[in-house]
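Structure first, commentary second.
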Amino acid sequence: MARPLDMDDLYRLRHSAAHVLAQAVSHLFPETKMTIGPPTEDGFYYDFDRDTPFTPTDLEALEAEMARGIGRSEVFECREVTRDEALTLFADNPYKVELIGDIPEGDRITIYTNGDFTDLCRGPHAGNSGDIKAFRLLHTAGAYWRGSEKNKMLQRIYGTAFQSREDLDAYLTRLEEAKKRDHRRLGRELGLFMISPLVGAGLPLWLPRGAVLRETLSDFMRDQQRKRGYLPVITPHLAKRELYEISGHWQAYRENLYPSMHGEHEELVMKPVNCPFHIQIYASERRSYRDLPVRYAEFGTVYRWEQSGELGGLTRVRGFTQDDSHIFCRPDQLVSEFHGVVDLIMLVFKRLKLEYRARVGLRDPENPSKYVGGDDVWEQSQTALIQAVNELQMPHEVAVGEAAIYGPKLDFLVRDAIGREWQLGTVQVDYVLPERFGLEYTGEDGQPHRPVMIHRAPFGSLERFVGVLIEHFAGAFPLWLAPVQAVIIPIADRHAEYAESVRTKLSDAGLRVQVDRRPERMQAKIRDAQLQKVPYMLVVGDKEAAAEAVAVRSRDRGDLGAIALTQFLANAVDEMEM
RNA sequence: GCCGACGUAGCUCAGCUGGCAGAGCAGCGGUUUCGUAAACCGCCGGUCGUCGGUUCGAGUCCGACCGUCGGCUCCA
């Protein structure tokens, strides 16, 4: 076995590959201004300032030019320079001048040279360009200078590099595999959802099989919530603008709200969040300390204006449904309620065998305009959240600036098949909205007290959650989730009647089954069921009809032979519990 | 929103430098009644994303818009 790949070595290699790319650009497109070119998790990129964008043909020419640079095995030489020297060297490049200006006084300023190309760079680099054994330029993209849309858009070239040809091939194969499980592709192939341009971008339509999948998840959650003392509520999709002015969403998220509609005397907006509605329900009665906690749950569909370039599939949409709930509790109940919510979220991940990590999101003190609520209230809620998380003894990281507008939160991030991480479950502690809406309960002392709110959504959005599940399972859902759990395949027309009786028995037992009675051969029906990733195919012919049996073929394990129908049903029920 | 690529039948795709719109699968009709991943024959199917322009002539060239994809920015 080859020695384990040292990430630092790979980073150096990719960093050097970025320099070789910049060198190639300087040869073929001398008018181009270099900016920055770091290594990334999967490769590297380099941003160039250039009037005309790079074409796919340009990329081919650059790959050839890079190969020449690598062939020369040029050493990466590091040299420390003075600030003045650096400014002189890069006098004609405003980007480098800006970077030099940002290097703190007293820090070393270094430049790296490979052959005829010199770049301002902190390093480190590979020994020489010949170490880059395998590389590929992947695609181009626009990217703002320093990531701000106020700055000029630069031309970015993405590439990747490895220490061997095999590693590169393995990476490219992985990209291909990831493409095959893309939820947008599988969504169409498996008949789960669609996007109609006439309905609108970012507004997915759920097809029957997708709707069954989603409903199965919703039913699971409803069942858990019922067991945990949640109460269902249902609220409309529109509300007066004033509601969101009080909550603060109108001010803080105006650019993400759909333009308002005019009623007779009021302005109505599509709801971007469910919480103010649930707050109104809480506020509709006098509440005693004995009534708390109150847990309102709703699969609430919300609408947020997203920039068109951001839309795609089920994971980035303009309308989506949250498995939302708002818990109103006394301060002394906060920690136990919080723990109950985390328990529910972990149950979801366990049921689906998903790997996750937890992240505490705190507010960014540098950017107070992103939030509502005073410092003291934030201090209180952040302290409460951190305490609750610590008591769980759950590994987590802390991210400053990742709070919600009204409070800190605990997010759960799930990694999907392509390695992307998705924020799925979330719990938020909120002292702000109860204050803004003047919520109260009467305490033991007969005095009014302010409740605390917990916002939580274990799935996050059903759309995004299903999108991630499609990719995670590559469409081959576990039995309990599969939209069609079994297809019954009669071998010849004379077996249709028995097939129908099998369907009735299994349907009555709660399974989602279909009979494939097309005038096709059994082989064709099996093939179609496999491609549709149906967990079980039940072949029925003369032998099965005579014995009240089914010949079971598993999607994953192949032909399992004939067993009694009652036995199949018992096995299936067991499997769904797992 | 910004940068780039792309948009041809329900799906996957071909159509070279402008000169009569193609294939496979799906669908429909027929034949076949079959034992674990595609039976056979035939037929239908397209305002080449939309609108405008250049040209004797546009799927092909140009522009705008709509949409999709890869990024950037944003994400309560």
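All heavy atoms count here, side chains included; hydrogens, waters and symmetry mates do not.
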If you compare every side-chain N and O of [X] against the phosphate oxygens of [N] (OP1, OP2), does one of them come in below 4.0 Å?
| X | N | answer |
| --- | --- | --- |
| A:Arg517 | B:U33 | no |
| A:Arg527 | B:U36 | no |
| A:Arg553 | B:A37 | yes |
| A:Arg156 | B:G71 | no |
| A:Tyr158 | B:C72 | yes |

Taking the side chain of [X] as heavy atoms from C-beta outward, which of [options] is closest to it?
| X | options | value |
| --- | --- | --- |
| A:Leu531 | B:A76, B:A37, B:G35 | B:A37 |
| A:Tyr253 | B:C75, B:A38, B:G70 | B:C75 |
| A:Met522 | B:G70, B:U36, B:C75 | B:U36 |
| A:Ala201 | B:U68, B:C75, B:C34 | B:U68 |
| A:Glu544 | B:U36, B:A39, B:G35 | B:G35 |
| A:Arg304 | B:C69, B:C72, B:A76 | B:A76 |

Please tabulate, for side-chain N and O atoms in residues 372-380 of chain A, each donor-acceptor pair with protein atoms closer than 3.5 Å (sequence neighbours left out).
residue, atom, partner, partner atom, Å
A:Asp375, OD1, A:Arg363, NH1, 3.2
A:Asp375, OD1, A:Arg363, NH2, 3.0
A:Trp378, NE1, A:Val372, O, 2.9

Margin query: Any carboxylate oxygen within less than 4.0 angstrom of a Lys/Arg side-chain nitrogen, looking at A:Glu177 and A:Arg174?
Written below: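 No, no charged N to carboxylate O under 4.0 Å.
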Check: Would you call A:Lys152-A:Asp49 a salt bridge at under 4.0 Å N-O?
Finding: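 So A:Lys152 pairs with A:Asp49 through a salt bridge.
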Residues which pass side-chain contact (heavy atoms from CB on, under 4.5 Å) with [X], listed by chain and number, not counting sequence neighbours:
| X | answer |
| --- | --- |
| A:Gln532 | A:Leu190, A:Arg209, A:Val534 |
| A:Arg254 | A:Trp250 |
| A:Ile386 | A:Leu362, A:Asn390 |

Item checked: Per-nucleotide protein contact string for nucleotides 1-9 of chain B (B base, S sugar-phosphate only, - none; heavy atom under 4.0 Å) -> BBBS-----
Check: When every nucleotide of nucleotides 41-48 of chain B is labelled 5' to 3' by its protein contacts under 4.0 Å (heavy atoms), B for base, S for sugar-phosphate only, - for none, what sequence of letters results?
Finding: --------
Take atom [atom1] of [X] and atom [atom2] of [N], then tell me their distance rounded to the nearest Å.
| X | N | atom1 | atom2 | value |
| --- | --- | --- | --- | --- |
| A:Ile405 | B:C74 | CD1 | C1' | 15 Å |
| A:Arg188 | B:C69 | CZ | P | 10 Å |
| A:Arg518 | B:C28 | CZ | C1' | 15 Å |

Check: Could a donor-acceptor pair under 3.5 angstrom be found where the side chain of A:Arg185 meets the base of B:C11?
Finding: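 Answer is no: no donor-acceptor pair is held.
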Checklist line | Short side-chain to backbone donor-acceptor contact, A:Lys525 and A:Ile489, under 3.5 Å | finding: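 Not confirmed, A:Lys525 side chain does not pair with A:Ile489 backbone.
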Next item on the list: With sequence neighbours left out, write down each residue that passes ring pair (Phe, Tyr, Trp, His ring centres under 6.0 Å) with A:Tyr45, or none if nothing qualifies.
Entry: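 With sequence neighbours excluded, A:Tyr45 shows a ring pair (Phe, Tyr, Trp, His ring centres under 6.0 Å) to A:Tyr158, given in chain and number order.
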Next item on the list: Kindly write out the residues that satisfy ring pair (Phe, Tyr, Trp, His ring centres under 6.0 Å) with A:Phe44, not counting sequence neighbours, or none if the list is empty.
Entry: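 None.
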Next item on the list: List in chain and number order the residues that pass side-chain hydrogen bond (donor to acceptor under 3.5 Å, both in side chains) with A:Glu245, two or more places apart in sequence or in another chain; answer none if no residue qualifies.
Entry: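 Counting only residues at least two positions away or on another chain, A:Glu245 forms a side-chain hydrogen bond (donor to acceptor under 3.5 Å, both in side chains) with A:Arg241.
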Notebook entry, point to check: Do the numbers put A:Lys271 on top of the ring of A:Phe277, so that NZ or CZ is under 6.0 Å from the six-membered ring centre and no more than 45° off the axis?
Noted result: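 Yes, a cation-pi geometry.
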Notebook entry, point to check: For RNA chain B, what residues of residues 491-499 of chain A have any heavy atom nearer than 4.0 Å?
Noted result: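 Here the set is A:Ile491, A:Ala492, A:Asp493, A:Arg494.
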Margin query: By the 4.0 Å heavy-atom rule, please label A:Gln428 as base, sugar-phosphate, or nothing.
Written below: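 Sugar-phosphate contact only.
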Next item on the list: For RNA chain B, produce a single dot-bracket line, 5' to 3'. Pairs: Watson-Crick or G-U wobble, both distances under 3.5 Å. Symbols: ( ) within strand, [ ] crossing, | other strand, . unpaired.
Entry: (((((((..((((.....[..)))).(((((.......))))).....(((((..]....))))))))))))....
Please report, to 0.1 Å, the donor-acceptor pairs under 3.5 Å made by any side chain of residues 544-552 of chain A, with sequence neighbours excluded.
residue, atom, partner, partner atom, Å
A:Glu544, OE1, A:Gly541, N, 2.9

